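A short worksheet on the structure shown next.
None of the values given here were measured: they were computed from a predicted structure.
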Amino acid sequence: MKKIFFCAGMLLAATGLFTACEDDRDSNPTLLERPSEIVLNTPAFATQLYDLAHAKNIDITWSQPQLTDKGAPLAMNGGGLYMVQVSKDGKFKTSFAEAQADKTGATVADYVQLEETYNECRASINAASVAKALMQLYQWDNDNVPASAPIYVRVVATVRGLNAAAAPGTTTVSNVLKLDVVPYYIKLRDAAIELAYVVGSAFGDASWSNTLSGMGVGNVPMFPIEGFDYDKKTGKGSVSYTDYFDTTTQFKVLSHYIDPTDANKIQWEYAYVADGVGKAKWRAGGDDGDNISVAAAGYYTVVVDNIKHTCTISPATPDNTKTFSSMGLIGVDGDWNTDIPMKAVNTKAANNHLWTCTITIKSDTEAKFRAEGGWDNNWGKVAFPYGKAAQNGANIKITKGTYKVFFNDLTGEYNFIDAE
């Protein structure tokens, strides 16, 4: 189909050419208050059961909406967009994004707007995106995913770019298409929280490692901050680390910029370096900077903002300053008699307060951290996969999986990093 591009300036110019003739004026195009409806075509497979686990795409086509009574279409490659929405009941009342924005959890979504956008009258909808949308809407457990389920699909067009003068911000929707699909279970999760890594003379084994495999050995991963609202798509936000720093401690903080040629390597070029004593600045390429140090020995909290690229170093008052000879995780798989031993991380420091272990959880379980095999010093909290545990706190609710676990006994902060 040949595309006809339309804009308000061309329409006004054309109107001036025809003012001498009443008949010609009557034939001039008139802007519609709202573009015409998109007609979503019924595909050949519409009556078949579509297996989302074994399919790559669902192909659909539709007609181009019109902007005027004379049939001028949307100039989609001039800035308009087509988007696909998937509903569980065809009502399209509340989007998944709206439900997520309601922190009370009272809002229930009945449709998801898929992330992909299109500028032509056809789409190859990613089958995995549809399967994920159904999981977001139904929240099925692994054991109760149905053998089949209906989905309701429609297309939304947004008028922008060349059309903006004619119909700014206008949207129009298609008819609804019903399809039957075979869904499958997807473990829904937000993007992993973007960490940062402390390297230096008193962290890990002091090898200044810039590798992910060296996490907890030659570098120290910072902790997510309890209650912080992280970006669900990117995992970006602020992270922190508290420890004892003396005046001889030299360190830097590496950002989570992975080398494009080596997925295990964290790039040195993106790090926080000294900006005077007790201060740090962002380095995005260029020459390496000096190591960071503090003016007076003591406990400090380092906070990195992975969005604004700032790093602050502030004196801290930890909840606990005791040192322990050992640390363990107890309660895993219902075993409250045997500790899973954790390793001391900061072996080159005067006193270690950071511990790590790698565990595989076969089924959902509960656990706590405890020092030296006794209950005099134990920490817990319901939150998972990270949080700030309290002395004698509640059991941590852990879901099955494999995790690299970190625990800071100064603050009670813990993080179960997905290692699957």
Side-chain angles (χ1 to χ4, degrees), residues 99-108 135-136 139-144 185-195 216 221-232 235 237-242 301 303 318-320 322 324 327-342 353-420:
Q100 277 194 311
D102 180 5
K103 302 301 182 183
T104 69
T107 303
V108 178
M135 284 297 303
Q136 290 171 326
Q139 300 288 314
W140 290 310
D141 293 329
N142 193 21
D143 298 329
N144 66 356
Y185 178 77
I186 296 175
K187 186 176 181 180
L188 297 176
R189 64 184 72 184
D190 296 335
I193 293 174
E194 185 177 298
L195 302 177
M222 300 178 75
F223 287 86
I225 299 172
E226 188 177 60
F228 193 95
D229 188 13
Y230 291 94
D231 188 297
K232 290 180 172 54
S238 294
V239 290
S240 72
Y241 180 67
T242 299
T301 296
V303 177
D319 298 330
N320 165 71
K322 298 177 185 177
F324 302 105
M327 188 67 63
L329 188 64
I330 190 166
V332 171
D333 295 330
D335 185 355
W336 291 96
N337 297 311
T338 307
D339 292 77
I340 295 174
M342 303 186 76
H353 293 283
L354 185 65
W355 308 86
T356 188
C357 66
T358 299
I359 59 171
T360 295
I361 306 296
K362 297 177 182 178
S363 59
D364 293 358
T365 190
E366 298 182 4
K368 299 182 79 170
F369 299 100
R370 71 173 184 173
E372 300 173 341
W375 291 104
D376 289 344
N377 295 283
N378 71 87
W379 298 261
K381 188 167 189 174
V382 173
F384 179 83
Y386 65 89
K388 187 174 182 180
Q391 278 274 9
N392 302 308
N395 298 338
I396 303 168
K397 307 286 187 180
I398 309 172
T399 60
K400 64 180 180 180
T402 298
Y403 303 97
K404 182 86 170 178
V405 185
F406 289 90
F407 174 65
N408 187 338
D409 66 41
L410 287 171
T411 61
E413 290 174 298
Y414 59 90
N415 190 17
F416 287 71
I417 301 173
D418 195 336
E420 288 184 319

**Message:** Apply side-chain contact (heavy atoms from CB on, under 4.5 Å) to residues N395 and W336 and explain how you reach the verdict.
**Reply:** CA-CA 11 Å; N395 298 338; W336 291 96; 3.6 Å; yes
**Item:** side-chain contact (heavy atoms from CB on, under 4.5 Å) assessment of D335 paired with I330
**Value:** CA-CA 7 Å; D335 185 355; I330 190 166; 5.9 Å; no
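With a 4.5 Å cut-off on side-chain heavy atoms, T242 and F223 do not count as touching.
Panel note: side chain K368, backbone G393; a donor-acceptor pair is recorded below 3.5 Å. No donor-acceptor pair under 3.5 Å is formed between the side chain of N377 and the backbone N or O of A371.
Within the 6.0 Å centre-distance limit, the rings of F407 and W379 are counted as a close aromatic pair. Note: F384 and F416 meet the aromatic proximity criterion, with ring centroids under 6.0 Å apart.
Nearest heavy atoms, N320 versus D409: ND2-O, 3.1 Å. A99 and T107 make their closest contact through CB-O, 3.5 Å (heavy atoms, listed as atom of the first residue, atom of the second, distance).
With sequence neighbours excluded, no residue forms a salt bridge (charged side-chain N to carboxylate O under 4.0 Å, His left out) with E372.
Ion pairing between K362 and D333 fails under the 4.0 Å rule for side-chain N and carboxylate O. Ionic pairing of K388 and E413 is not present here: no N-O contact between side-chain nitrogen and carboxylate oxygen is shorter than 4.0 angstrom.
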